[in-house]
Amino acid sequence: MRRLERTLLLKDYRQLCTLSKASFSPMLDTRGSDHARLYFDGNPPSRNILSCNRMLAAHVRNDQTPIAQDLFDQMLVKDVVSWNTMLTGLQKAKNPHGVNRCFLQMRRDGFRPSEYTISTVLNAFLGTAFNVLVSQIHALVVRLALSSSVFVGSALIKGYADIGDQIALSRVFDEIPMKDVSSSNALVSSYMELGCTLEAQRVFDVMPERNIVSWTSLVSGYINNKRINKARSVFDKMREKNVVSWTVMISGYVKNQKFMDALDLFLLMLKSRALPNHFTFSSVLDACAGCSSLILGQQVHSSILKLGTPEDVIMSTSLVDMYAKCGDIEAAFCVFGSMPRKNLVTWNSIIGGSARHGLATRALDKFERMIKCGVRPDEVTFVNVLSACGHGGMVEKGEKLFNSMKAKFGIEPNVEHYACMVDLYGRAGNLEEAEKLIQGMPFQPDVVIWVALLGACGLHSSLQLGEFAAKEIEKLRNDHPAIYSTLSKIHGERGVWDSVLEFRKIMKEKHIQKQNAGSWVESQYRIR
DNA sequence: TTAGGGTTAG
């Protein structure tokens, strides 16, 4: 490049830099005229760094991370805001690898991480294998003198909670000079996460200022520590409640199988004129499914439509699951078909629902479609398709799918899959094959396996093998109700009435009741 | 122009 050109470029570059001097200062310090050239070519003055960053942020806000990444890669001059925005995009896209790579590149390029950078990176690493880096990032925070930031502090507290380091997280909190309500809230939920309910309560009690999040963190913490009644008593003390606090309490009841309490609370929420959102509806639908109430489920579905709740893949999956569990599989298919986006859980719900309704062919058809749509099956998918084959008597298809698990999809069959296969062979009357499979299993058979075999023996009146399975069950759990009822049935069918009476006597002594099959219709009445 | 603390499914 000729000297004159170089001088001109450098002049233009300096002029451009005056648009945002603070952002450009690291570049001025470390870059030469080649960078000026690059900037001149790639970023005409109409596209200065501020407008590029704004565009980048807009893409990130709209969940268009790949577009943001393209723009970011094209930006020949970046500032710390550009890097932070890109990191936020990768964090939102749940791409911790990407965040790690971007963060490393940022540092290699000589940029100094800011409070924004640290809190974004730490949050991206939560719940991932990258959380081993928390203490290293903490060391960097100390070196960069960012320890006093409440944002960095909150992120570090959560990071240390994620790796179970109670001492470190309380030390981080202590070292924040001007603690705010958010950092205290982070401390409350982190103690709760580690099961330290007393510590969490103590922090909450001494907080100089509490907001709705502080209260909700406490409620949520008690729920996660299985203290549902304590959670409710805190919840009742809240003077102000919002959609999140209502949802936390409702979903807490659902997690604890207290479906009627969840539905009662949902009614209270509506009475208080709080507006449910997709989080609330997912939990409420789960409660309807839990008590098999189609009527309530339908009413909740109507409310979703009436309120114009925006489509959400999780909420719609809960709808599919609710309809399937409440006996209306056609409605489940209808909701499923109307979903613009489906994920693995959605597919598993419809496949599992079909299987439970005895619709083996439809279940397998959905499985094929799922593969065609490019969704990779997981272990739940295979439990569902194998049980569909079992209910449909499709032995060969089941065998083929079972063998394809490892070979085609890289999924190692677990004990549940073996139980499905034992059930599949057993129902079809192929008890020998079932027994052979158990013998060849790569792990010790559990109660579920033996119960599947015993069930098959009951179905096909196989006394010898049935007694063997019963003995194995007894070794693992000596009061399993299936043992006595099934053996009593087999003996009855063979006319060995003494044994039948003996089993009935044992069942009476041990207060064992034959488990009755539940009926959807029955539970409809129960709820009214 | 960039960040934190409480909520959902098989």
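Quick caveat: nothing in here was measured; it's all calculated off a predicted structure. Lettering follows sequence order; numbering is per chain, from 1.
- Side-chain atoms of A/D180 and base atoms of B/dG4 include a donor and an acceptor less than 3.5 Å apart.
- Scored by the salt bridge (charged side-chain N to carboxylate O under 4.0 Å, His left out) test, A/K226 finds no partners at all (sequence neighbours excluded).
- Residue A/D286 is in sugar-phosphate contact alone, with no base atom involved, counting any heavy-atom pair closer than 4.0 Å across all strands shown.
- Residues forming a ring-ring contact (aromatic ring centres under 6.0 Å, His included) with A/F402 (at least two apart in sequence, or on another chain): A/Y418.
- Applying the side chain to side chain contact (heavy atoms under 4.5 Å, CB included) rule to A/S82 yields the partners A/I49, A/N53, A/L56, A/F72, A/M75, A/K78, A/D79; only residues at least two apart in sequence or on another chain are considered.
- Comparing B/dT8, B/dT1, B/dA3 by their nearest atom to the side chain of A/T88 picks out B/dA3.
- Applying the side chain to side chain contact (heavy atoms under 4.5 Å, CB included) test to A/I67 and every residue at least two apart in sequence or in another chain returns A/H59, A/Q64.
- Rounding to whole angstrom units, CG of residue A/L319 and C1' of B/dT8 are separated by 12 Å.
- At whole-Å resolution of the value, CD1 in A/I304 and P in B/dT8 are 16 Å apart.
- Between A/D236 and A/S233, the side chains place no donor N or O within less than 3.5 Å of an acceptor N or O (distance only, hydrogens not considered).
- Note on A/T317: a base of the nucleic acid sits closer than 4.0 angstrom, heavy atoms only.
- Checked by distance alone, A/N123 brings no side-chain donor or acceptor within 3.5 Å of a matching partner on the base of B/dG4.
- Using a 4.0 Å heavy-atom criterion, one finds that A/L187 contacts no nucleic acid atom at all.
- No side-chain N or O of A/Y191 forms a donor-acceptor pair with one of A/Q201 less than 3.5 Å apart.
- One finds a side-chain N or O of A/S220 lying less than 4.0 angstrom from the OP1 or OP2 phosphate oxygen of B/dT7.
- Rounding to whole angstrom units, NE2 of residue A/H59 and P of B/dT1 are separated by 16 Å.
- Residue A/Y116 has its side chain nearest to B/dA3 when only B/dA3, B/dA9, B/dT8 are considered.
- Per the geometry, CZ belonging to A/F266 stands 16 Å off P belonging to B/dT8, to the nearest Å.
- Of all the residues in residues 142-151 of chain A, A/V150, A/F151 reach under 4.0 Å from DNA chain B with at least one non-hydrogen atom.
- Remark: C1' of B/dT8 and CD1 of A/I223 are 13 Å apart, rounded to the nearest angstrom.
- Between the CG atom of A/N84 and the C1' atom of B/dA3 there is a distance of 8 Å, rounded to whole Å.
- Whole-Å rounding puts the A/F279 CZ to B/dT7 C1' distance at 6 Å.
- Near-neighbour residues of DNA chain B inside residues 244-258 of chain A, defined by a heavy atom below 4.0 Å, number-ordered: A/V244, A/T247, A/V248, A/S251, A/K255.
- Applying the ring-ring contact (aromatic ring centres under 6.0 Å, His included) test to every pair with at least one member in residues 229-255 of chain A, sequence neighbours left out, gives these pairs: A/F235-A/W246.
- Listed by chain and residue number, A/H301 satisfy the ring-ring contact (aromatic ring centres under 6.0 Å, His included) test with A/Y323 (two or more places apart in sequence, or in another chain).
- Under the ring-ring contact (aromatic ring centres under 6.0 Å, His included) criterion, A/F333 pairs with no residue at all, not counting sequence neighbours.
- Taking atom CG of A/N53 as the reference point, atom P of B/dA3 lies 12 Å away to the nearest angstrom.
- Counting only heavy atoms from C-beta on, A/S189 has its side chain closest to B/dG6 among B/dG6, B/dT8, B/dG4.
- Counting any heavy atom pair closer than 4.0 Å across all strands shown, A/S183 reaches a base atom.
- Between A/F204 and A/W215, the angle of the ring planes goes over 60°, which puts this pair in the perpendicular group of the 30/60° scheme.
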